[in-house]
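All remarks here apply to the structure that follows.
All values below come from the heavy atoms of this structure, side chains included, with hydrogens, waters and symmetry mates left out. Numbers restart at 1 for each chain; the letters A, B, ... are given by sequence-line order, proteins then strands. Just so it is clear, the structure is predicted and the values come from calculations on it, not from any experiment.
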Amino acid sequence: MIKWFEGTVIENIEISPGIYKLILSAQDIVGMAKSGQFVNVYNNSEKHLLPRPISICEINKEKGTLTLVYSVVGRGTNIISQIQPSESIKLMGPLGNGFEITENHGESILVGGGVGVPPLLELAKQLKGKTTVYLGFRTSTYLIEEFEKYCDKVYISTEDGSRGIKGNVLDLLNDTLPKGKMVFSCGPKPMLRAVYNWAKDKSIPTQLSFEERMACGIGACLVCTCKTQKENENDWENRRVCKDGPVFLGDEVVWDD
Amino acid sequence: MIKWFEGTVIENIEISPGIYKLILSAQDIVGMAKSGQFVNVYNNSEKHLLPRPISICEINKEKGTLTLVYSVVGRGTNIISQIQPSESIKLMGPLGNGFEITENHGESILVGGGVGVPPLLELAKQLKGKTTVYLGFRTSTYLIEEFEKYCDKVYISTEDGSRGIKGNVLDLLNDTLPKGKMVFSCGPKPMLRAVYNWAKDKSIPTQLSFEERMACGIGACLVCTCKTQKENENDWENRRVCKDGPVFLGDEVVWDD
Amino acid sequence: MTNLKTKVNIAGVELKNPVMTASGTFGSGKEYSEFVDLNELGAVVVKGVANVPWKGNASPRVAETYGGMLNSVGLQNPGVHAFVKEDILFLRKYDTKIIVNIAGRSVEDYCEVAEVLSNADIDMIELNISCPNVKEGCVSFGVNPHTVEAVTKEVKKYCKQPLIVKLSPNVADIAEIAKGAEAGGADAISLINTLLGMVIDIHKRRPVLANIMGGLSGPAIKPVAVRMVYQVAQAVKVPIIGMGGISNGDDAIEFMLAGASAVAVGTANFFNPRATIDVKEGIENYMKKYGISNIKDIVGNITV
Amino acid sequence: MTNLKTKVNIAGVELKNPVMTASGTFGSGKEYSEFVDLNELGAVVVKGVANVPWKGNASPRVAETYGGMLNSVGLQNPGVHAFVKEDILFLRKYDTKIIVNIAGRSVEDYCEVAEVLSNADIDMIELNISCPNVKEGCVSFGVNPHTVEAVTKEVKKYCKQPLIVKLSPNVADIAEIAKGAEAGGADAISLINTLLGMVIDIHKRRPVLANIMGGLSGPAIKPVAVRMVYQVAQAVKVPIIGMGGISNGDDAIEFMLAGASAVAVGTANFFNPRATIDVKEGIENYMKKYGISNIKDIVGNITV
Ligand SMILES: Cc1cc2nc3c(=O)[nH]c(=O)nc-3n(C[C@H](O)[C@H](O)[C@H](O)COP(=O)(O)OP(=O)(O)OC[C@H]3O[C@@H](n4cnc5c(N)ncnc54)[C@H](O)[C@@H]3O)c2cc1C
Ligand SMILES: Cc1cc2nc3c(=O)[nH]c(=O)nc-3n(C[C@H](O)[C@H](O)[C@H](O)COP(=O)(O)OP(=O)(O)OC[C@H]3O[C@@H](n4cnc5c(N)ncnc54)[C@H](O)[C@@H]3O)c2cc1C
Ligand SMILES: Cc1cc2nc3c(=O)[nH]c(=O)nc-3n(C[C@H](O)[C@H](O)[C@H](O)COP(=O)(O)O)c2cc1C
Ligand SMILES: Cc1cc2nc3c(=O)[nH]c(=O)nc-3n(C[C@H](O)[C@H](O)[C@H](O)COP(=O)(O)O)c2cc1C
Ligand code: FES
Ligand code: FES
């Protein structure tokens, strides 16, 4: 069941330049939420109307809270960043399919880039086997300590070399050549493609979380699509990132553009 | 010189159900402002864009403040009513021609209806001779004490008879048959027409303040018009309420609709 | 005022109230049924279906604008056969009317869909000759009154249910187009579809939409929609279903006063998933406030 | 980046920057000169003038809408003779170009105004065949490419200054209309004028505007305007002046990327009297940010 409700803001702080951590009381949905799912954040502004999709970064079942970590890139996220503790905010969630966690994946490889980093945190917490994490940032980094708490190894890259290696997560993967039973990745499409190709080459299956511009967030309007292979057919179809995704298997995605 | 500037809110309180008194620090314009002029109040909402014209109710030159008294009727005035002291608000003013006060009008008759009452207060303060005031309200009344301070006689009508006589200002005029050298009036057009006809019958000249929907407020867009007689011609023209008005002589107005 | 009469009759089909969903914004009803009791709606108008599955346009397909949005979905749909198999059964569980929006690239396409649907358990067909996001067919049928008449007449032959013709606002004279639809046998007219628009990402220096242009919907277009409903109401006798930016009861009343017998809620669902219900309740509140017992007394009831 | 080249050349007239005022929203410049240094503007486009004084429509003439407004001024103006006597002298005190928008009820009317203006000290003439608020003439000329061509050709005969033709967005195919204007000899094309719209007061149950319908302007219409500028830029060779909802520099850049060589600011003046200056400065900031030294490099420079 997807819920549409008012969440109460517990904390909304800048954890890195332009990056905010928003903790929400969202009892209604924490019980259902999975890692890799997202919520739609509605806003009070009247100039723009569409909700903003933000991934779930952490789920705290005891406290009944969700943590979202988001980058302020435009009008909507800017408005969200100004919400004060104890104010309430309209939310819809949990949305999307989320990552598929089997009993024991054995060794898992997590690869996140930019705002693709936060959705991997809850996943990292829940994965049972050994987890190696690759996080790529432009300059400033965030959530590293949290990942270090839950993961066996955390590799970092920054574009300017200010922390970890200078380069991107692909450089890290090629440097360290991790082994694993599943790659989980979230980030910009070019990165996902590179991660997919890297993993395919090593015959490691991939679960990739996509971003696409959305309107409804629940599969009704068909504006958010990912080109995927049709089962048992030499044909493709446009599937809904918000409902059938955001997580797709790397092998089902048509990587032509 | 018309100024466009940020005024600071000193007080913004409900003085009667749905009627607010807004005191603004507006040093820039108090020196120039006249009774019967108005200001444009810009708003922070993004759903509606046009400024709201509100008459100047009081001018305090020592304190450098303006008082506006307004009724909350829709989205814009509702937003204005929520502004808190010490917040600032974009204003443009003083706008319009204002009432024409000659050295001594002798006896003046002031007639205000609804939100046409506030603009008469500053006028009442400034008029030198005897002033008789007629104020018409729907149910609740406001600013009466202030008028009583500055005027020789204040008559009140309410539609429900809750204060003063039950009826309207025309009933009051007809009951009391005041004498005067000038009638100043502000209120809804049907009231202005009735006041004009009443005064004309008694050969008393009228200065009438009109309301019209506006956009620019400074005479540039021509959306706010009052049909007036052309001088020395058997023809009429549409004059701008915001620039050529809001005060017109009753005799120059074409009363055909 | 205990008994508000909110029923409206569109071409012989009685809706319990005038509130519908706008095609393409409400899927086939299932997704929004988590937030909205579909029994409360006059009708559910489902996403356009064609004779065969359509893949739709490339992504991105949406761009937000001031008071609205552009979409360039391009009528992605699983085809009428999949629709008939999967969606009707779900909707029939609810006490609401089912209206199916149909898309085509040629008159034959439209007729084929209409034929399949004429034997399906649905209440009305809405002919979409107004989608700006598909190159062939669709909107090109919608900009000339003679073509509108011809395509309406042809499709009508295959319909057992009443036929609504949905008009494009991207025309110089909407009343002429509406007359064409009426002359072709339309049982009702719905309008407006989206206005053709474009948004450019000034930082990437390219259009936001992969398809370059898209259809503008939402509150921003409401004045254009109200005007067109009013113009069409003066020009035709068939009932009108009004839409374009309706977000609350007051908006719906505005369309009904302009001459619409029913209304549809589209983009508003995206920013308020319960928009349809808010519209319905808002209409009832207006009726109570002004002591209007029968909703029919609102339709076209303005003094000009 | 100390030397930003912001000059643009429209049909031989060099503007110091691409920012103009939109006709009808800026009077004859005097009112806004209290807030804006007119020397900072590329051009002032004045309110439409006709051969004789026009009284305009009845009041109310304005209705606010979501992200925009309707107006139904109906081209009230004191006539070209009064204009020539009073307003040119004022504007000539400033180092800015003067563009005069002309209105008419017939081709002869337009020609008469053009003839008077051709001997006046102004820089360009803008032919308004797109005002939705006047019944005769005006918009009726603007909806058919052949009429547009014919009226342009005729008026052009009387113009000594370059002629801009201003197009109506209330058409099915704006590119065809633009081609008509170009074929008729237009030296430049400006667009868009307002979209025809209507607002109903649901409490009084009557249209807000005395004239029933009016022209929709403001941010709400921007996506439609950008789309039309883009379409026209693909269709004609003459320079384009883009307008419709421009409120800041980013909006202006969007129009220029779509293909406009210059832009005009209309409704934004009403909610921000310094909008023209903000637009000008915003354009400069964009140029600096992206290291664009010559503004001409922005025009039409998108990847589709
Ligand atoms: C499933 C999903 C999960 C996401 N999770 C996160 C997250 O955890 N943290 C985070 O910082 N960001 C996340 N994003 C991206 C986030 O949604 C956008 O950054 C945000 O919508 C931008 O809104 P804006 O108003 O600030 O930007 P603007 O550019 O002003 O937005 C304009 C429009 O474009 C849309 N848009 C702009 N950028 C994106 C984008 N990258 N993806 C989707 N829509 C976009 C907006 O929603 C809006 O409709 C996620 C996106 C998706 C689809
Ligand atoms: C010169 C002048 C002086 C005024 N002085 C006062 C005053 O001192 N106190 C006071 O309470 N009101 C005054 N008014 C009326 C006041 O401007 C409107 O009540 C106000 O604009 C309503 O805005 P809204 O958003 O709350 O209402 P809405 O109805 O939501 O406004 C919608 C649009 O209509 C316009 N509008 C609505 N009603 C009026 C109206 N009566 N006159 C002009 N425009 C209107 C709004 O400005 C806006 O553009 C004055 C109007 C004018 C023209
Ligand atoms: C995402 C989206 C998809 C749409 N798909 C269709 C469609 O398939 N068929 C159709 O006739 N109209 C379609 N429309 C148009 C709407 O039904 C409606 O006419 C238009 O959006 C105006 O109403 P609104 O402003 O309330 O959204 C679509 C609109 C949107 C926003
Ligand atoms: C109040 C008003 C009056 C206008 N008068 C004219 C006019 O006289 N001639 C003309 O060609 N356009 C006129 N227009 C149209 C504008 O010049 C412009 O094309 C339109 O408003 C779109 O731009 P905007 O959204 O920036 O306002 C007028 C617009 C408004 C709002
Ligand atoms: S956002 Fe509507 S289907 Fe995905
Ligand atoms: S409001 Fe623009 S002229 Fe009066």
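Here the shortest heavy-atom pairing between Cys216(A) and Phe270(C) reads CB-CD2, 3.6 Å. The nearest pair of heavy atoms linking Gly219(A) to Glu31(C) is O-OE2, 3.5 Å. The minimum heavy-atom distance between Cys221(A) and Val73(C), with the atom names listed, is O-CG2, 3.4 Å. Closest of all the heavy-atom pairs between Tyr42(A) and Phe271(C) is CD2-O, 3.5 Å.
When heavy atoms are compared at a cutoff of 4.5 Å, Met214(A) approaches chain C solely by way of its backbone atoms N, CA, C and O. Contacts of Tyr32(C) with chain A are made by both backbone and side-chain atoms, with heavy-atom separations under 4.5 Å. Within the 4.5 angstrom heavy-atom criterion, no atom of Asn77(C) approaches chain A.
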Tell me, with the steps shown, if Leu50(A) and Val62(C) meet side-chain contact (heavy atoms from CB on, under 4.5 Å).
CA-CA 10 Å; Leu50(A) 299 177; Val62(C) 62; 4.2 Å; yes
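Around NZ of Lys230(A), the count of heavy atoms belonging to other residues, nucleotides or ligands within 6.0 Å exceeds 12. Counting non-hydrogen atoms of neighbouring residues, nucleotides and ligands closer than 6.0 angstrom, the CZ atom of Arg205(C) exceeds 12 such neighbours.
Remark: Arg213(A) CZ to Leu209(C) CG distance equals 9.0 Å, nearest 0.5 Å. The line from CD of Glu237(A) to NZ of Lys55(C) is 8.5 Å long, rounded to the nearest 0.5 Å. Here Gln76(C) contributes atom CD and Arg240(A) contributes atom CZ; the two are 9.0 Å apart, rounded to the nearest 0.5 Å.
Contact annotation: the side chain of Lys3(A) never approaches that of Phe35(C) to less than 4.5 Å [non-hydrogen atoms, C-beta and beyond].
Using modelled atom types, one side-chain atom of Arg61(C) and one backbone atom of Leu222(A) make a donor-acceptor pair closer than 3.5 Å. Glu34(C) contributes no side-chain N or O that, together with a main-chain N or O of Met1(A), makes up a donor-acceptor pair within less than 3.5 Å. Proximity of a side-chain donor or acceptor of Glu64(C) to a complementary backbone N or O of Leu49(A) within less than 3.5 Å is detected.
The candidate from Pro273(C), Gly27(C), Pro60(C) with the greatest count of non-hydrogen atom pairs under 4.5 Å with chain A is Pro273(C).
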